[in-house]
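Shown next, in structure tokens, is the structure this report addresses.
Lettering of chains follows the sequences in order, A, B, ..., and the numbering in each one begins at 1.
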Amino acid sequence: MPREVAIIDTSVANNASVRALFERLGLQARLTCDVEDAIEADALVLPGVGAFGAGMGLLDECGLREPIRERVAQGRPTLCVCLGLQMLFEQSEESPGVTGLGVCAGGVTEFPNSVVRPQFGWNLVPAGAADDGGYAYFANTYRVTQAPEGWDVSWSEHGGRFVAAMRRGGVLACQFHPELSGAYGAKLVDSWLRTAEVGTPC
Amino acid sequence: MLTQRIIPCLDIRDGRVVKGVRFQGLRDAGDPAELAQSYEQQGADELVVLDVSATREGRAAALHTIEDIRRVLGIPLTVGGGVRTLDDALALLAAGADKVGVNTAAVERPLILTELADRVGRQCVVLSVDAAANGEGQPGWCVVTHAGTQRLDLDAVLWAEQGQSLGAGEILLTSWDRDGTLSGYDTALLREVCRSVRIPVVASGGADSAAHMHEAFEAGASAVLAASIFHDGRHTVASIKQELAGQGVEVRR
């Protein structure tokens with residue numbers, strides 16, 4: 001299990017919560033925007049709060065687009081949270097014209113008018129990509145509704161089914177916030193850290 | 001399916017927890033980080049911390065308190081009170097808040113909601129609306145500020161709607177008439193606001209039982225906030241959730 005985790009510094013919002021979670025799990029957590037870090041780190045976290053366009057802009061500014069893309073494509077230990085999951089796709093309705101990492105085909109779309117938006121709160125995540133399943137905390141207006149090829153997917157429901165979590169090799173991507181999902185989130189991340197190293201590269 | 005949220009609220013002044021009836025006659029109710037942790041263990045879905053400090057020193061102490069809470073807390077944390085500027089909000093987020101509640105500052109300069117949403121995303125922006133019935137034969141509710149001492153010529157329902165267009169991702173709706181009275185949430189007010197916005201509305205002010213919370217959910221609230229009923233130890237979050245589940249409300253257990 002890695003002793004240190006590198007967190008991509010998005011300069012906004014949930015860095016403190018992500019960091020606090022890893023510290024509670026007994027790891028050193030380091031904020032970084034460094035390309036070498038993104039390539040070399042034993043475990044990398046791509047957090048994300050904010051708009052799709054702003055998030056991709058930040059990755060481009062730091063030269064992180066290709067390193068992260070490659071890292072995820074190889075299945076190396078990477079945890080993508082919320083916007084971090086969405087950025088794996090090609091585009092998003094949130095920021096038309098902005099190109100995502102494109103590791104997965106398809107796009108990100110807005111929840112329908114029929115449900116409360118943003119989706120704020122605890123929704124049930126079934127067992128599968130996200131281990132045993134349980135209640136996890138979501139805070140999102142956009143989501144993915146098509147299964148990405150080659151990934152294990154856990155689906156949740158909010159105005160129809162959407163991707164709650166997806167896993168391939170050492171990469172775990174969560175639409176929810178494990179750092180805000182109490183004991184369930186902590187257990188999930190702990191188990192990701194323990195198994196990520198032996199994940200099969202893709 | 002998304003569950004209904006139960007949110008304990010800690011009022012802090014100079015870094016300590018207090019809760020007063022109608023924001024007056026404050027009494028000390030315990031250490032914030034300790035209480036926060038026990039609420040998470042009881043099954044709280046989220047925590048709201050309102051800083052009611054009156055001084056700059058008090059607000060500086062609040063930042064340390066937020067850091068202390070964040071270290072131990074694994075559920076979402078909303079912090080409000082004392083947010084005057086964009087920098088105040090960003091400092092609270094950096095200290096460990098996941099969402100920031102803006103109240104008077106937004107009334108005085110509504111664009112702060114847009115600036116904050118552009119900077120950190122609307123999911124971090126909560127508009128706190130303190131409302132009171134117009135009374136004297138007038139229907140509707142007006143916005144009140146400065147601990148209820150100022151009634152504004154601003155319709156509370158309209159203001160919530162404007163807040164949504166300006167960038168708020170959630171409305172924390174406090175009934176000034178009910179706060180501290182333990183007589184139940186103002187469900188008529190809630191119903192009106194929930195009908196006017198599509199972002200989540202958190203009901204606040206007046207909770208004394210699971211039945212009150214059930215009424216708020218039926219009126220359209222996505223979450224309910226309560227303080228004294230939990231601080232006094234008469235109910236735990238777990239016991240309230242058990243009652244609500246028995247009444248058919250979807251809660252996380």
Which bit of [X] comes within less than 4.5 Å of chain B, counting heavy atoms only: side chain, backbone, both or neither?
X	answer
Tyr137(A)	side chain
Arg117(A)	both
Ala54(A)	neither
Ser156(A)	neither

Would you mind checking which part of [X] comes under 4.5 Å of any heavy atom in chain A, side chain (CB onward), backbone (N, CA, C, O), both or neither?
X	answer
Val251(B)	backbone
Val201(B)	neither
Arg5(B)	side chain

Quick one: of Glu40(B), Glu250(B), Lys99(B), who has the most non-hydrogen atom pairs under 4.5 Å with chain A?
Lys99(B)

Could you tell me which of Leu2(B), Leu73(B), Thr3(B) has the largest number of non-hydrogen atom pairs under 4.5 Å with chain A?
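Most heavy-atom pairs under 4.5 Å with chain A: Leu2(B).
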
When the ring planes of Phe176(A) and Tyr184(A) are compared, do they come out parallel, tilted or perpendicular, using 30° and 60° as the limits?
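Rings of Phe176(A) and Tyr184(A): tilted, 30 to 60°.
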
Please check this pair: side chain of [X] against backbone of [Y], looking for a donor-acceptor N/O pair closer than 3.5 Å.
X	Y	result
Tyr185(B)	Ser175(B)	no
Arg167(A)	Trp192(A)	no
Asp88(B)	Thr85(B)	yes

Audit row: Met87(A), Val72(A), side chain to side chain contact (heavy atoms under 4.5 Å, CB included) steps and yes/no
CA-CA 11 Å; Met87(A) 290 194 295; Val72(A) 172; over 6 Å; no

For each of Gly121(A), Ala20(A), Ala51(A), Ala139(A), tally heavy-atom pairs with chain B at distances under 4.5 Å, and name the one with the top tally.
Gly121(A)

Between Glu170(B) and Gln123(B), does any side-chain donor sit less than 3.5 Å from a side-chain acceptor?
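No, because no side-chain N or O of Glu170(B) sits under 3.5 Å from a partner of the opposite role on Gln123(B).
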
Correct closest heavy-atom pair for Asn15(A) and Pro47(A) would be OD1-CG, 3.9 Å

